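Structure record follows, encoded as structure tokens.
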Amino acid sequence: MMKRISDPNIQEFEVRHLETVKQAASECVVLLKHDGSLPWKNIPTVALYGNGARHTIKGGTGSGDLVVRNMLNVEEAFEQAGIHVTSKAWLDAYDQTYLFARQQFLNGIREQAKAQNTNPVMLGMGKVMDEPNYDIPLEAMGDTAVYVLSRISGEGSDRQATEGDILLTPTEIRDILKLNRTYENFILVLNVGGLVDLTPVLEVKNILLLSQLGGITSEVLVDILKGESYPSGKLAMTWAPIENYPSTNGFGDPDDTRYNEGIYVGYRYFNTVQKVPTFPFGYGLSFTHFEQECQAVVVSGETVQVKIKVVNTGNFKGKEVVQLYSQAPQGSLDKPSQELIGFAKTEEIAPGQSDTVLIECDLNQLASYSSDLSAYLVEKGNYQLLQGNSSATTKAIAKLTLRDTVVLSQHTKICPGWDFNDFVPETRAEDFGDSSKYHLELSPENFGQSSMTYSPASQELKKQEAFSWDKVVAGERSVDDFVATLTDEELAYMVVGMYPEEESFMVNVGASSQSVAGAAGETSAKLSDKDVPTVVMADGPAGVRISETYKIVNGRIKPTSNPLAAMMEFFSPEELEQMASMAPQPTQEELDAATYYQYATALPIGTAIAQSLNLSLAENCGRVVGEEMTLHGIHLWLAPALNIQRSPLCGRNFEYYSEDPLLSGLVAAAVTNGVQSQPGCGVTIKHFAANNQETNRFVSNSIVSERALREIYLKTFEICVKASNPSAIMSSYNLINGEHACTSEDLLTIILRDEWSYKGIVMTDWYATQNIMAKESGRTNKHDVASALGCVQAGNDLIMPGTEADKLTILEALQSSAPPYGMTRGHLQRNVANILNCILKLAGK
Ligand code: BGC
């Protein structure tokens, strides 16, 4: 039940949820290097350095950010744990340097905005301040030092392969190396959302990828160093020098980005071409050691089941992840040297003890897509089953032999127009021969063969007499019947979100709901006179992003805090003052009105959740979100975000899970199951699809082959859709092979509805049809923004957050005999039916 909370103090649910997240968070942390000295247990003093010591980062910026009640930085967390911080002089001096650099950075954005006559917030969105260089003496007392290195990024901008972002600065390199040599105990802690190139500091003995864990980030670090918890995460993305990723070349082109590497994304590339990364996909150490032993491999129906015993052979408790990969034979299609097909995390294992995990893998995953034949094939030959605790330590455990090629499914061609041949490796890593213990035969019965049926175009519904929504809720009449009673105007209103007609754009960007303060959007209230309720949407994936406080004035919700307040720093103090002076003075009623509180729990970033390789942990994060959605009156969460981490340069990678579609899709499905276990709560998986860069994001074109789309970029969504039935999907801003994702019938109807039998709604990303970023890019773009009519026709049900212009365009098209994109009333009615079904399911009456 939704609850208005007038008590300013921390609530029982917040305490409980913080505890849930804290319990889980160390599983998201990856130990990259370890000299055996960790954990330190007794730490009387610590010399604390680095840009993240005081400016600790809980997650990235933009819509994936969340305001929390309070958060300790690392310095405060050490002190709270009774550990004396000896480096105050360094921290104070760094603060001075930081403040100066920050001011310079903000002034730069403000000046550029003035020169371009544009809004500084839109221009500065996601921009990262490069770390300054400085020379502050490292002389703090004690034998234990911790260096916390932070990096931040966020939507609207990509990361840069420059010093202070992906690369370390000369100052950071010098200081980290010196500390590693000077202090007896030293650890480099990475409070980052993605890659930093650690090549210059690899001699450091202890490196911990703490990641960004939400409000409890700093406490988790202290617990781990003291040995009260332990890291058990594994990398969800390959870490290597940035120039070694095939995606680096051409990344971030504002017009056209070619995905030349095809299916060779992440470890699929590094393993196949035998390029050794700094840290491989699936890698992560423990405070202890484990040995894995395969005890059985059985093929049964469409699965292969593998039993692995894991023994803790070290001296500290821990959890280990068993990873299974397959190596397909090279046939008519080239194949990566290995692909993840399953994984399992053990329970906590005490020293000397063991745990046995059973992993069941779907054999249909062995298929590859042939664009020539438009079919998924399992080609004949030997399939090696590989087991390991990272992608770099796999060994063959079974050989599965298929005598004849099996065609799993025949498809229609989608998203044509890529203008290159995908990269094909000249050689690939050695295959594993006959080294495995188990040899098993596969036959066509071990695969699911299916045929696709493609639905005909939507027919117009015949006009019906009006009746009330109650009858639909009671199950007496169908949603389609109800849609058939609606006028053109009502239909046009319903396919655009509720837009606040009288308020300014800037106040409402990312917070345009009328029912819940600070929620990102809401469906139209046009049918409220027919008792049709609205569905309210709030951002994620960091948690439920809404205003922390609000009032009710004249029966209307009035946010009294801005969930995007952090972005306001791009305005100069004068501009802020001017805005404040222009804002209407609060009325007496407003001053007298009670304040309500709607705090929410900040979760670990998406990448960190994936690093746990623990699906029940991911599901629990979803449950936390679902409970808070119910309390705060939210129906649809605008998350999880599961785009593939194609390149470390993508500014939003921290919101995303992995470079691997299986890991990413299963984590998203687990989070979805958690959220949707709460009645009335749904997720909106985003951004569908191939949205892998932020540069010029409204109009950038991802040029990608059909095979790479189907096997990598769509696959992650396919896994999530089929495993967890998400209530909604957000289409992405970008184009794919020249067509916007949100106007692509291939994606939104052929793939989603026909091939995957998806039943939920599809909505656009915010303002996808409006040219709001044109000025910021400061250039003439090659591609236009998406067309509202194209959205309606393609099967993008809802245009968010909604504008009068979109509604008028649609109404006008209904009057035209030849509307652009061939949009018809039938398309509109189909979309409204999908929206009403969503309303019925989540908001009911
Ligand atoms: C982001 C989405 C987000 C939406 C609403 C857009 O700018 O790309 O991920 O859900 O805003 O805040």
Side-chain angles (χ1 to χ4, degrees), residues 259 262-265 268 272 299 301-304 324-342 360-385 400-416 418 421-422 424 441-455 644 660-666 669 688-690 704-723 736-737 744 746-747 749-758:
Y259 291 29
I263 57 169
Y264 295 90
V265 176
R268 284 172 167 74
T272 307
V299 169
E302 291 176 24
T303 64
V304 56
L324 290 181
Y325 296 81
S326 69
Q327 182 179 76
Q330 299 288 27
S332 64
L333 297 167
D334 53 293
K335 314 270 170 56
S337 71
Q338 53 188 30
E339 298 183 87
L340 187 72
I341 56 164
E360 197 173 88
C361 306
D362 183 350
L363 284 166
N364 296 303
Q365 294 181 92
L366 302 182
S368 300
Y369 192 76
S370 160
S371 313
D372 290 345
L373 302 176
S374 292
Y376 269 110
L377 313 177
V378 191
E379 295 204 83
K380 66 179 179 195
N382 292 324
Y383 288 80
Q384 298 286 355
L385 207 57
L400 312 177
T401 304
L402 180 68
R403 304 275 159 210
D404 292 305
T405 296
V406 181
V407 177
L408 296 194
S409 46
Q410 198 69 51
H411 300 252
T412 188
K413 283 202 190 307
I414 54 151
C415 305
W418 69 97
N421 289 327
D422 281 354
V424 177
E441 290 281 326
L442 295 175
S443 68
E445 286 70 55
N446 296 122
F447 303 97
Q449 283 135 290
S450 53
S451 58
M452 302 291 145
T453 43
Y454 296 99
S455 54
I644 290 291
D660 180 77
L662 178 71
L663 176 56
S664 170
L666 289 180
F688 189 65
V704 52
S705 73
E706 185 179 8
R707 180 175 181 198
L709 263 180
R710 287 189 182 266
E711 287 190 23
I712 307 284
Y713 299 99
L714 300 183
K715 184 58 89 187
T716 181
F717 287 93
E718 180 177 2
I719 291 167
C720 180
V721 165
K722 290 182 174 169
I736 299 178
N737 300 333
S744 165
D746 282 4
L747 278 191
T749 297
I750 291 185
I751 288 287
L752 276 185
R753 308 280 176 191
D754 296 340
E755 294 199 6
W756 302 351
S757 307
Y758 174 65

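Quick caveat: nothing in here was measured; it's all calculated off a predicted structure.
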Regarding [X] and [Y], does a basic nitrogen lie under 4.0 Å from an acidic carboxylate oxygen?
| X | Y | result |
| --- | --- | --- |
| Asp746 | Lys413 | no |
| Glu711 | Arg707 | yes |
| Arg710 | Glu755 | yes |

Output yes when a side-chain donor or acceptor of [X] lies under 3.5 Å from a complementary backbone atom of [Y], and no otherwise.
| X | Y | value |
| --- | --- | --- |
| Asp754 | Ile751 | no |
| Asp334 | Val424 | no |
| Glu339 | Arg268 | no |
| Gln327 | Gln384 | no |
| Glu379 | Leu333 | yes |
| Ser409 | Ser450 | no |

Mind listing the closest non-hydrogen atom pair of [X] and [Y] along with its distance?
| X | Y | value |
| --- | --- | --- |
| Asn364 | Glu302 | ND2-OE1, 3.1 Å |
| Gly665 | Thr716 | N-OG1, 3.3 Å |
| Ser337 | Thr272 | N-OG1, 2.9 Å |
| Ala723 | Ala669 | CB-CB, 3.9 Å |
| Ile263 | Ile712 | O-CD1, 3.7 Å |
| Leu714 | Ala689 | CD2-CB, 3.6 Å |

Problem set entry | No-hydrogen, no-angle side-chain donor-acceptor test under 3.5 Å, Thr303 and Asp362 |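 The answer is no; no qualifying pair exists.
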
For this session: Could you give me the CA-CA distance, side-chain angles and deciding distance for Gln410 and Ser374, then say whether side chain to side chain contact (heavy atoms under 4.5 Å, CB included) is met?
Result: CA-CA 6 Å; Gln410 198 69 51; Ser374 292; 4.1 Å; yes

State, yes or no, whether a side-chain contact exists between [X] and [Y] at a heavy-atom distance under 4.5 Å.
| X | Y | result |
| --- | --- | --- |
| Asn737 | Pro416 | no |
| Thr412 | Ile750 | yes |
| Val704 | Tyr713 | yes |
| Leu363 | Gln365 | no |
| Leu340 | Leu324 | no |
| Tyr376 | Ser368 | no |
| Val406 | Leu377 | no |
| Tyr259 | Val265 | no |

For this session: Evaluate the side chain to side chain contact (heavy atoms under 4.5 Å, CB included) criterion for residues Ser455 and Arg753: first the C-alpha distance (whole Å), next the side-chain angles of each, then the deciding distance (0.1 Å), finally the verdict.
Result: CA-CA 9 Å; Ser455 54; Arg753 308 280 176 191; 5.7 Å; no

Rounded at 0.5 Å granularity, tell me how far [atom1] in [X] sits from [atom2] in [Y].
| X | Y | atom1 | atom2 | answer |
| --- | --- | --- | --- | --- |
| Ser664 | Ile644 | OG | CD1 | 4.5 Å |
| Leu408 | Ser451 | CG | OG | 12.5 Å |
| Ser371 | Ile414 | OG | CD1 | 9.0 Å |
| Lys380 | Leu442 | NZ | CG | 15.0 Å |
| Cys415 | Glu706 | SG | CD | 7.5 Å |
| Ser332 | Leu373 | OG | CG | 7.0 Å |

For this session: Tell me, with the steps shown, if Leu666 and Ile719 meet side chain to side chain contact (heavy atoms under 4.5 Å, CB included).
Result: CA-CA 7 Å; Leu666 289 180; Ile719 291 167; 3.9 Å; yes

Exercise. Of Tyr454, Tyr369, Trp756, which meets ring pair (Phe, Tyr, Trp, His ring centres under 6.0 Å) against His411?
Worked result: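 Output: one option passes, namely Tyr369.
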
Exercise. Is Lys722 atom NZ crowded by more than 12 heavy atoms from other residues, nucleotides or ligands, each under 6.0 Å away?
Worked result: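 Yes, NZ of Lys722 has more than 12 neighbouring heavy atoms, counting only those of other groups under 6.0 Å.
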
Exercise. Would Val304 and Leu385 count as a side chain to side chain contact (heavy atoms under 4.5 Å, CB included) if you check the C-alpha gap in whole Å, the side-chain angles of each, and the deciding distance to 0.1 Å?
Worked result: CA-CA 10 Å; Val304 56; Leu385 207 57; 4.0 Å; yes

